[in-house]
Each structure stands twice: as structure tokens, then as C-alpha cells.
Amino acid sequence: MDFTSNGILYLMNGRVLFATNAMQTDFHVHYAATLAISLKENIQIETENGKEEYRVALVGPNTYHRTVSPGKEMVALLIDPETYEYSSISEYAEMGKVKRLDVSEFQHLIERLWDLYYGKLKDQEVWDLHLDLLRSVYPFQKLTKSIDERIIQIAEMIRKEIPDSIRMKEIGKHFSVSEDRLIRLFKENLGIPLRRYLLWVRILESAKLLKEGKNLTEAAHAAGFSDSAHFTRTFKENFGFVPSLFFGHLKSIELRFCEIE
């Protein structure tokens with residue numbers, strides 16, 4: 001990717017919001033699905049089938065594509081395909097394809113998207129906006145069930161401890177639940193599989209350490225990655241970006257962590 005001006009990347013667990021006016025990528029594939037919204041002019045997305053212009057596009061997981069829209073203000077929401085929210089809209093997306101959506105369904109969010117673009121939103125407001133964007137694709141219901149207290153404690157333990165040292169069997173034994181039931185309860189309660197949650201915690205921990213000044217190798221090892229190449233590959237596979245855009249002397253994008261209770 002080539003970014004010629006600043007943007008803001010908002011990192012949350014299982015999802016990312018990227019506001020920029022310098023989206024110009026090489027052809028790539030990433031695991032996350034992407035909801036791309038132009039704030040004013042059409043953006044251009046190219047696949048193997050050619051170039052198309054969009055105001056709003058839903059890019060399915062593992063879609064080979066590139067976005068070439070320098071100088072055009074836009075917001076891209078990248079979301080893990082294994083989250084509850086994505087599963088709620090998945091029938092509107094196709095793996096490996098780009099779908100055009102009606103911009104009129106998103107007009108009521110444009111003012112808040114501009115606020116996101118200029119960095120004016122608080123963490124909870126960023127979280128609420130990402131949900132409203134997805135509900136503009138399809139008005140799914142929020143997870144409203146009471147969360148199992150054991151799952152809350154397990155998620156907190158994972159965030160506090162080094163993910164590399166955590167084993168599901170050990171967690172289950174500690175909370176008197178079998179490994180299979182633990183995996184099922186975690187997805188039912190938090191809307192994301194435990195193994196994906198662990199991966200996102202590792203990615204976020206690495207990113208925080210890099211922002212604090214650790215080098216790539218130190219941050220990768222501390223968060224449970226085998227080496228810096230493993231972290232870089234995982235980061236790019238999930239986001240389509242390389243870490244150097246956000247960390248170190250080559251960084252050109254502001255990074256924000258949205259901590260949601």
C-alpha cells in the first residue's frame with residue numbers, strides 16, 4: 001500500500017475501522033470482510049474481473065482486489081468473518097466478490113463518519129458506529145443475552161496474561177468446564193470463536209507494545225508470535241496492511257485502540 005497522507009486506524013477486538021483519503025493498495029487478499037464507504041466521491045475497486053466505481057461496497061472475505069482512490073475521503077470497516085455481527089450480514093456478502101450497496105441506506109451515518117474521519121469520536125461512539133454501519137447492511141439484533149460470568153472472567157484472564165501461555169484445557173479445568181463446552185460457550189456469549197479471540201488479543205498486544213516503542217521482534221515474542229515475520233504475516237493476512245505503516249520511522253497512519261467494556 002502507498003499512503004501519501006495521514007489517516008486513522010481504529011483497532012478493536014475482531015474488527016478495524018480505517019479512515020483515510022489516501023487508499024491506494026496493491027492487489028491483495030485478506031481474511032477480513034470489508035465494508036467500504038466513500039464520504040463524497042466514488043471510490044474505485046479492482047478485481048480480476050476489472051475496475052468498478054462504488055459509493056458503498058461490501059468486499060467478501062478472501063477477495064483478490066485492490067482499491068485505488070487517492071485523494072478521496074473514505075472509511076473502511078474490516079471485520080472478522082467469524083464474529084456474530086458478520087454472520088448476521090453474511091448472506092449479503094460473497095466470498096471472493098465485491099457487492100455494490102445502496103448509499104441511501106448509509107446517508108444517516110455520514111455526519112458521524114466525518115467525525116470518525118477527523119478523530120472526534122470517543123471509543124464507545126466508534127464501537128456504536130461500527131455496529132450501525134453493519135446494521136445498515138442488514139438490521140440484525142444485538143446480542144442481548146446475559147453473558148456467562150465464567151466467560152467474562154476467561155476473557156479478562158486472556159487479556160491480562162500472555163496469550164502464548166494459555167491453553168484451553170487449562171482454562172476449562174480452572175473454571176470446571178470441558179474444553180469442548182468452553183469453546184461453544186465462548187462463541188455463544190461473545191460472538192467470536194475462542195481461537196480467533198486469542199489471535200486478536202495477540203495482535204492488539206503486539207500493536208500496543210510497538211506503539212510504546214518496542215521493536216518488532218520484542219513485541220512479536222511478548223505477544224506469543226514465534227518471530228517478527230510471523231506477526232507481520234498475520235497482521236497483513238488479517239488487515240491487508242503491513243505493520244510498518246503504523247509503527248516506527250516509516251509510519252504514516254495514526255493508530256488508536258478502542259477499549260470497550
Side-chain angles (χ1 to χ4, degrees), residues 1-3 5-20 22-23 25-26 28-36 61 75-83 85-86 116-117 119 121-127 129-130 155-166 190-261:
M1 287 190 176
D2 174 30
F3 294 97
S5 65
N6 292 333
I8 306 176
L9 188 79
Y10 299 86
L11 278 175
M12 300 170 278
N13 213 325
R15 57 224 82 196
V16 168
L17 273 166
F18 183 35
T20 183
M23 185 71 86
T25 77
D26 297 325
H28 66 287
V29 174
H30 52 69
Y31 186 66
T34 304
L35 177 62
V75 170
L77 167 61
L78 287 79
I79 182 164
D80 193 308
E82 298 186 47
T83 57
E85 290 82 7
Y86 179 77
L116 179 89
Y117 181 86
L121 298 185
K122 297 178 181 178
D123 288 0
Q124 186 63 53
E125 292 172 323
V126 173
W127 179 265
L129 175 58
H130 112 273
E156 183 178 359
M157 183 175 72
I158 290 171
R159 291 194 300 270
K160 288 182 177 179
E161 297 185 17
I162 301 300
D164 184 51
S165 67
I166 294 174
L190 296 188
I192 185 171
L194 178 55
R195 63 181 179 80
R196 293 296 299 174
Y197 186 82
L198 285 165
L199 178 63
W200 278 90
V201 169
R202 288 191 179 107
I203 292 172
L204 293 174
E205 179 65 16
S206 297
K208 288 176 181 178
L209 291 170
L210 286 166
K211 191 172 183 180
E212 291 170 3
K214 299 287 187 183
N215 64 43
L216 199 59
T217 299
E218 291 171 335
H221 284 158
F225 292 98
S226 57
D227 53 33
S228 60
H230 182 201
F231 168 65
T232 298
R233 184 171 62 253
T234 301
F235 197 92
K236 186 173 183 180
E237 284 174 354
N238 280 273
F239 306 140
F241 316 135
V242 292
S244 59
L245 284 170
F246 312 101
F247 312 105
H249 68 284
L250 295 176
K251 69 177 181 180
S252 58
I253 308 296
E254 181 183 350
L255 187 65
R256 296 191 183 183
F257 297 92
C258 294
E259 305 287 351
I260 307 298
E261 295 297 330

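Atom set for the values below is all heavy atoms of this structure, side chains included, hydrogens, waters and symmetry mates excluded.
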Heavy-atom count around Lys214 NZ within 6.0 Å, excluding the residue itself: above 12? no
To check you understand the geometry: which heavy-atom pair defines the closest contact between Leu204 and Phe257, and what is its length? O-CE2, 3.9 Å
Check ring-ring contact (aromatic ring centres under 6.0 Å, His included) between His30 and all other residues, then give those that pass, not counting sequence neighbours. His28, His65
dist Thr34:OG1 -> Leu78:CG (nearest 0.5 Å) comes out at 3.5 Å
Measuring only between side-chain heavy atoms, which start at C-beta, is His221 closer than 4.5 Å to Asp227? yes
I want to check something: taking the side chain as every heavy atom from C-beta on, are Arg159 and Tyr197 in contact at a cut-off of under 4.5 Å? yes
Spacing of CD belonging to Glu85 relative to CZ belonging to Arg15, to within rounding of 0.5 Å: 4.5 Å
Tyr10 (side chain) donor-acceptor with Leu116 (main chain) under 3.5 angstrom: yes
CG (Leu121) and CH2 (Trp127) are apart, to the nearest 0.5 Å, by 15.0 Å
Given the rule in the side chain to side chain contact (heavy atoms under 4.5 Å, CB included) test, do Arg233 and His230 qualify, once you have shown the distances and angles that lead to the verdict? CA-CA 5 Å; Arg233 184 171 62 253; His230 182 201; 3.6 Å; yes
What verdict does the side chain to side chain contact (heavy atoms under 4.5 Å, CB included) test give for Phe231 and Arg202, after you've listed the backbone C-alpha separation in whole Å, the side-chain angles of each residue and the deciding distance to 0.1 Å? CA-CA 9 Å; Phe231 168 65; Arg202 288 191 179 107; over 6 Å; no
Output for pair (Ile253 CD1, Ile8 CD1), nearest 0.5 Å, gives 9.5 Å
Looking at side-chain heavy atoms only, is the closest gap between Leu35 and Ile79 below 4.5 Å? no
Stepwise, does the side chain to side chain contact (heavy atoms under 4.5 Å, CB included) test hold for Phe225 with Glu205? CA-CA 11 Å; Phe225 292 98; Glu205 179 65 16; over 6 Å; no
Would you mind reporting whether Val201 and Asn13 have side-chain heavy atoms less than 4.5 Å apart? yes
Nearest 0.5 Å, please: how far is CG in Leu194 from CG in Leu199? 11.5 Å
List the residues meeting side-chain contact (heavy atoms from CB on, under 4.5 Å) with Lys236, not counting sequence neighbours, and say none if there are none. Val242
Check the pair Ile203 / Phe235 against side chain to side chain contact (heavy atoms under 4.5 Å, CB included), numbers first and verdict last. CA-CA 7 Å; Ile203 292 172; Phe235 197 92; 4.1 Å; yes
Minimal non-hydrogen separation, Ser206 against Ala223, with atom names: OG-CB, 3.1 Å
N/O donor-acceptor pair under 3.5 Å between Thr20 side chain and Ala22 backbone: yes
Looking at side-chain heavy atoms only, is the closest gap between Met12 and Leu17 below 4.5 Å? yes
Side-chain touch Glu218/Leu209, heavy atoms, less than 4.5 angstrom: no
Distance in Å, Arg256 CZ paired with Leu11 CG, rounded so as to fall on 0.5 Å steps: 12.0 Å
Heavy-atom closest pair (Ile192 atom, Gly14 atom, distance to 0.1 Å) is CD1-CA, 4.3 Å
